[in-house]
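Just below is one structure, and these are the notes that go with it.
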Amino acid sequence: MPEPFAQTLVETRGHSRLVRWSVFGLGLLLLAYTVVRAVTVSFTWDESWTFLHHVLRNVFYQRTYDAMGANHHLLNVWGMWLSWKLFGDGTLALRLPNLLAHVIYLYASGRIALKARSGFLAIAVFLVLNVHPYLLDFFSLGRGYGLACGWMMLALWHAWRYLEEGRQQRDVLWASICGSLAAMSNLIMIDLLLGLGLAFLILWLLEGRRMGAAWWKRSMLTLCLPGLAGLGLILPEAMGLLHGGSLYFGSPSFWPGTLLSLGE
């Protein structure tokens with residue numbers, strides 16, 4: 001797994017200690033904001049539904065699908081259940097998985113920001129990636145959106161590392177794992193998982209003249225196995241939501257709700 005965020009501050013190339021610790025301090029302030037919100041904001045209707053109908057009833061994987069089926073965000077239900085068993089049913093405990101996802105998001109966005117060419121740009125990139133009220137709200141609620149954003153950003157960081165730091169297969173593996181976890185957090189992140197796989201394949205095809213058969217086999221296994229494992233869990237749920245009428249909340253049909261957004 002990635003190194004602790006604070007440790008990377010002293011390893012990032014080309015930035016002063018002031019810039020590195022400024023990014024770290026801003027991250028702490030943003031995390032403090034989401035923790036305060038998690039403690040003080042009342043439970044929403046959707047969070048309550050998830051807790052009452054899925055967590056309390058040990059519904060780890062849906063058996064029936066209806067108009068509320070999309071409320072079951074797989075990884076969030078599992079995380080809420082574990083946190084409930086360990087820490088009780090307080091709002092902070094039930095929202096803890098998404099607060100931990102905020103730590104992941106801050107880590108990954110901080111690593112990306114510190115790749116900027118100047119200290120000013122590094123701080124600006126970090127603020128652009130983080131200072132958005134709706135994004136921050138996701139991390140302070142017991143829903144799947146914060147988890148999806150956290151794993152998405154970590155997947156993007158590993159894709160960046162692959163491009164910039166020597167084409168390491170471990171970064172392909174982690175990008176695929178994190179993409180799968182993002183999709184398990186919220187079905188819309190299937191677009192991320194498929195998009196990452198397509199991007200790696202296009203890149204490898206462009207570089208294919210220098211790759212042997214053994215390299216291709218190893219690379220495809222590294223890329224596809226985590227993705228296929230995630231899709232194996234996600235696609236039955238997606239089909240159930242499709243037949244239950246809750247897959248396209250806010251979208252008129254299959255094309256603009258899925259394929260068009262993937263293309264964009």
Side-chain angles (χ1 to χ4, degrees), residues 26-109 129-154 178 180-190 192 230 233-234 237-238 240-242 244-251 257:
L26 288 169
L28 286 179
L29 288 175
L30 292 168
L31 180 60
Y33 171 80
T34 53
V35 170
V36 170
R37 277 190 56 84
V39 173
T40 58
V41 173
S42 299
F43 236 45
T44 64
W45 192 91
D46 282 321
E47 289 175 287
S48 300
W49 180 279
T50 299
F51 183 64
L52 293 173
H53 293 269
H54 300 142
V55 176
L56 285 180
R57 298 182 182 181
N58 301 321
V59 181
F60 301 116
Y61 202 82
Q62 293 192 82
R63 296 178 292 273
T64 59
Y65 297 90
D66 54 22
M68 284 303 297
N71 192 278
H72 190 287
H73 298 153
L74 201 62
L75 210 59
N76 180 61
V77 171
W78 297 355
M80 284 182 73
W81 182 90
L82 181 61
S83 192
W84 166 55
K85 290 295 185 181
L86 292 174
F87 307 114
D89 59 1
T91 55
L92 180 61
L94 297 179
R95 289 166 170 170
L96 183 60
N98 280 274
L99 289 172
L100 295 177
H102 194 196
V103 175
I104 294 172
Y105 186 96
L106 290 167
Y107 166 83
S109 61
L129 290 176
N130 283 275
V131 182
H132 190 295
Y134 297 130
L135 172 69
L136 294 173
D137 284 355
F138 285 156
F139 297 116
S140 59
L141 300 175
R143 305 282 286 132
Y145 307 111
L147 286 160
C149 289
W151 292 117
M152 173 196 70
M153 189 58 72
L154 193 55
C178 293
S180 293
L181 291 172
M184 290 169 62
S185 302
N186 192 291
L187 285 173
I188 198 172
M189 289 294 176
I190 290 178
L192 169 74
L233 289 169
I234 298 160
E237 182 138 317
L241 296 176
L242 174 63
S246 57
L247 183 61
Y248 299 127
F249 272 5
S251 299

Quiz prompt | salt bridge (Lys or Arg N to Asp or Glu O under 4.0 Å) contacts touching residues 29-38 (sequence neighbours left out) | solution =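 For residues 29-38: Arg37-Asp137.
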Practice problem: Enumerate the residue pairs fulfilling salt bridge (Lys or Arg N to Asp or Glu O under 4.0 Å) with a member in residues 70-91, sequence neighbours excluded, ordered by first and then second residue. | Solution: none
Quiz item: Residues in ring pair (Phe, Tyr, Trp, His ring centres under 6.0 Å) with Phe138, at least two apart?
Solution: Tyr145
Self-check item: Residues forming a ring pair (Phe, Tyr, Trp, His ring centres under 6.0 Å) with Tyr105, sequence neighbours excluded
Solution: Phe139
Rounded distance (nearest 0.5 Å) linking atom [atom1] of [X] with atom [atom2] of [Y]:
{"X": "His72", "Y": "Tyr61", "atom1": "NE2", "atom2": "OH", "result": "9.0 Å"}
{"X": "Asn98", "Y": "Thr34", "atom1": "CG", "atom2": "OG1", "result": "10.0 Å"}
{"X": "Leu94", "Y": "Trp81", "atom1": "CG", "atom2": "CH2", "result": "13.0 Å"}
{"X": "Met189", "Y": "Cys178", "atom1": "CE", "atom2": "SG", "result": "12.0 Å"}

Self-check item: Asn130 (side chain) donor-acceptor with Leu106 (main chain) under 3.5 angstrom
Solution: no
Quiz item: Just one of Asn76, Leu147, Ile190, Leu75 clears the side chain to side chain contact (heavy atoms under 4.5 Å, CB included) bar with Met184, so which one?
Solution: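 Testing each of Asn76, Leu147, Ile190, Leu75 against Met184, the sole residue satisfying side chain to side chain contact (heavy atoms under 4.5 Å, CB included) is Leu75.
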Exercise. Output, in order, the C-alpha distance, side-chain angles, deciding distance and verdict of side-chain contact (heavy atoms from CB on, under 4.5 Å) for Val103 and Tyr107.
Key: CA-CA 6 Å; Val103 175; Tyr107 166 83; 5.5 Å; no
Quiz prompt | Results of side-chain hydrogen bond (donor to acceptor under 3.5 Å, both in side chains) for Thr50 - residues two or more places apart only | solution = Asn71
Quiz item: Taking the side chain as C-beta and beyond, is there a heavy-atom pair between Leu136 and His102 under 4.5 Å?
Solution: yes
Quiz item: Less than 4.5 Å apart, any side-chain heavy atom of Leu135 and any of Cys149?
Solution: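 In contact.
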Quiz item: Does Val131 have any side chain to side chain contact (heavy atoms under 4.5 Å, CB included) partners at least two apart in sequence or in another chain, and if so, which?
Solution: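 Scan of Val131 (side chain to side chain contact (heavy atoms under 4.5 Å, CB included), adjacent residues dropped) gives Leu30, Leu127.
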Exercise. Search all heavy atoms of Ala93 against all heavy atoms of Gly88 and return the closest pair with its distance.
Key: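 Heavy-atom minimum between the residues: CB-O, 3.5 Å.
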